[in-house]
Amino acid sequence: MLKRSLLSIWILFLLFVGCKKFVPGELALPSQPNLIKYCWQTFDLGIKDKNEMTRISTIQIVAKLTARKAAATIQGAEFDSKVHTMRAVAATLAKLYDSTAFLALVDYTDSPDFIVRESVVQGLVRMRKIYGETITLSALKKMDKFVDSIAVDTLLYQKEEIQLERQALRAKIAMAMTTLKNVKTGNVTKWRDAYNTQSVSGKGSLIYLAGEIKPPDAETWLGERLRDPSGYMRSKAAEALAKFESEKSRALLKTVLNDKDEETQIAAASALLQTDEAMAIRTLFTTLTSLDEDIRVRSLLTLGNAKSDSAKAKIIPLLRGLALDKSEWIQIGVIGAMGSLGDTASIPFIESKMKDVSPDVREISVSVLAKFRKDAMLPTLLELGKDDEYSMRAVAVTNLEHIKYPENIESKVIPFLYKTIKYDTEMLVRVRAAYLLMILLNDKPIEPINKGMN
């Protein structure tokens with residue numbers, strides 16, 4: 001009996017010792033090549049996750065890494081027919097600049113979705129120098145030829161909308177062609193005439209595309225849209241003009257700083273903040289008095305982009321006056337602006353908001369404090385990285401990027417990120433951890449890792 005009891009104790013001891021190495025706090029760190037491999041495996045799992053928002057977020061996060069590997073990873077994944085995922089894939093590929101992304105977009109030229117094809121048009125034009133304008137023009141002509149191949153999708157479009165969507169797509173293809181050399185000038189008339197027959201959303205998407213691909217004389221055309229009776233169209237035109245960053249666009253934007261539409265005012269002020277700061281700030285102070293809470297929050301966050309000391313001297317006292325506003329969204333705007341302006345004197349106030357009843361207020365407070373306090377915030381971030389709420393864990397993991405001391409990064413941050421990849425129950429948190437881990441492990445462009453490695 002005694003022998004049996006001793007044997008039981010010995011077995012329990014062995015089990016305890018044997019299990020000890022699997023405790024997360026004592027997880028052995030793999031080699032750097034294996035860590036990188038695990039990160040890419042995490043991205044692969046995120047892209048294939050059952051949750052569509054997780055898939056979309058993973059696609060967008062992967063795109064921040066090297067263009068070639070990101071394009072190959074996104075292209076190589078097998079997606080279901082979820083339309084929002086496919087739109088995210090096409091939009092993400094369109095923002096890259098790589099031959100793999102270009103070829104992947106060519107594969108989507110016959111997509112059954114109009115928005116996917118719009119992203120293809122935008123991406124092909126952006127990357128036209130990779131394979132040359134002849135191949136780009138050939139792909140655009142093929143798209144134009146097969147616009148009518150898009151069948152009616154009753155889940156996304158009403159039957160009567162299909163014809164307008166086809167016209168809009170043809171107009172976008174024609175606009176894209178005008179950015180290429182030796183293309184017939186008739187395409188200019190084609191897309192501009194089509195604009196007048198479009199719905200509100202169709203007109204807005206043409207204005208957006210003009211800002212993205214900048215067809216010939218687009219600034220003049222967009223300037224005319226600033227006189228549109230619709231405040232929505234004027235605001236979209238102002239946002240598009242802001243992307244040109246030219247003297248002509250800035251002169252046009254100054255004309256709408258006092259527009260009746262507040263979104264138009266904010267779009268113009270945001271674009272002019274770096275070159276005509278005093279003028280832009282006066283406009284933003286006016287929009288801060290809006291009855292629309294969203295307008296006030298956007299005004300606050302835009303004011304956070306001010307650079308001069310004189311501007312900050314005017315804005316920071318205003319922010320402190322709004323700090324006790326009862327609206328959680330105003331508080332979010334105030335804290336975000338304080339962080340952008342570097343108002344370190346606001347740290348005690350922001351620390352108090354870490355206990356706010358609103359999770360959104362708590363999360364932005366953590367982000368701003370991490371930016372201000374850097375390594376001093378490390379113990380708090382590591383603790384919040386184990387929070388019950390996955391959104392707070394995601395915020396904590398993301399803000400570990402502010403840790404700067406090499407010793408802290410090597411001994412605490414990297415091991416914590418690895419444990420998160422291995423053990424966190426939420427895929428999005430694991431993906432964010434993998435992204436930051438990749439950044440920390442690579443001081444140069446990331447080389448492709450075979451997806452098939454185990």
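A salt bridge is defined here as a Lys NZ or Arg NE, NH1 or NH2 lying under 4.0 Å from an Asp or Glu carboxylate O, and Glu383 with Lys386 meets this definition. In summary, Glu219 and Lys248 do not engage in a salt bridge, as defined by a charged side-chain N under 4.0 Å from a carboxylate O. The residues Glu212 and Lys243 are annotated as salt-bridged, a charged nitrogen and a carboxylate oxygen being separated by less than 4.0 angstrom. Using a 4.0 Å cut-off between a side-chain N of Lys or Arg and a carboxylate O of Asp or Glu, Arg393 and Glu363 do not qualify as a salt bridge. Salt bridge status for Asp259 with Arg234: present, with a side-chain N to carboxylate O gap under 4.0 Å. Ion pairing between a basic and an acidic side chain is recognised when a charged N comes within 4.0 Å of a carboxylate O; Asp144 and Lys190 show such pairing. Under a 4.0 Å N-O distance rule, the pair Asp276/Lys254 qualifies as a salt bridge. Ionic pairing of Arg296 and Asp292 is not present here: no N-O contact between side-chain nitrogen and carboxylate oxygen is shorter than 4.0 angstrom. A salt bridge links Glu133 to Arg128: one of the charged nitrogens lies within less than 4.0 Å of a carboxylate oxygen.
Rounding to the nearest 0.5 Å places OG of Ser367 at 13.0 Å from CZ of Arg362. Rounded to the nearest 0.5 angstrom, Thr287 OG1 and Asp261 CG are separated by 11.0 Å.
Relative to the six-membered ring of Tyr208, Lys236 misses at least one condition, a distance below 6.0 Å or an angle of at most 45° to the axis. Both the sub-6.0 Å distance and the 45° axial angle are not jointly satisfied by Arg87 relative to the ring of Phe114.
In terms of heavy atoms, Phe416 sits closest to Val397 at CE2-CG2, 4.3 Å. The shortest heavy-atom contact between Leu140 and Leu180 is CD1-CD1, 4.0 Å. Contact detail for Ala176 and Val125: the closest heavy-atom pair is CB-CG2, 3.4 Å. Shortest non-hydrogen contact noted between Leu226 and Ala237 is CD2-CB, 3.9 Å.
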Show your reasoning for whether side-chain contact (heavy atoms from CB on, under 4.5 Å) applies to Tyr108 and Leu93.
-> CA-CA 11 Å; Tyr108 287 117; Leu93 290 169; 3.9 Å; yes
Applying salt bridge (Lys or Arg N to Asp or Glu O under 4.0 Å), run through Asp294 and Arg298 and close with a yes or a no.
-> CA-CA 6 Å; Asp294 290 340; Arg298 285 184 58 191; over 6 Å; no
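In this structure, Trp191 and Trp221 have perpendicular ring planes: the angle between them is above 60°, well past the 30° mark.
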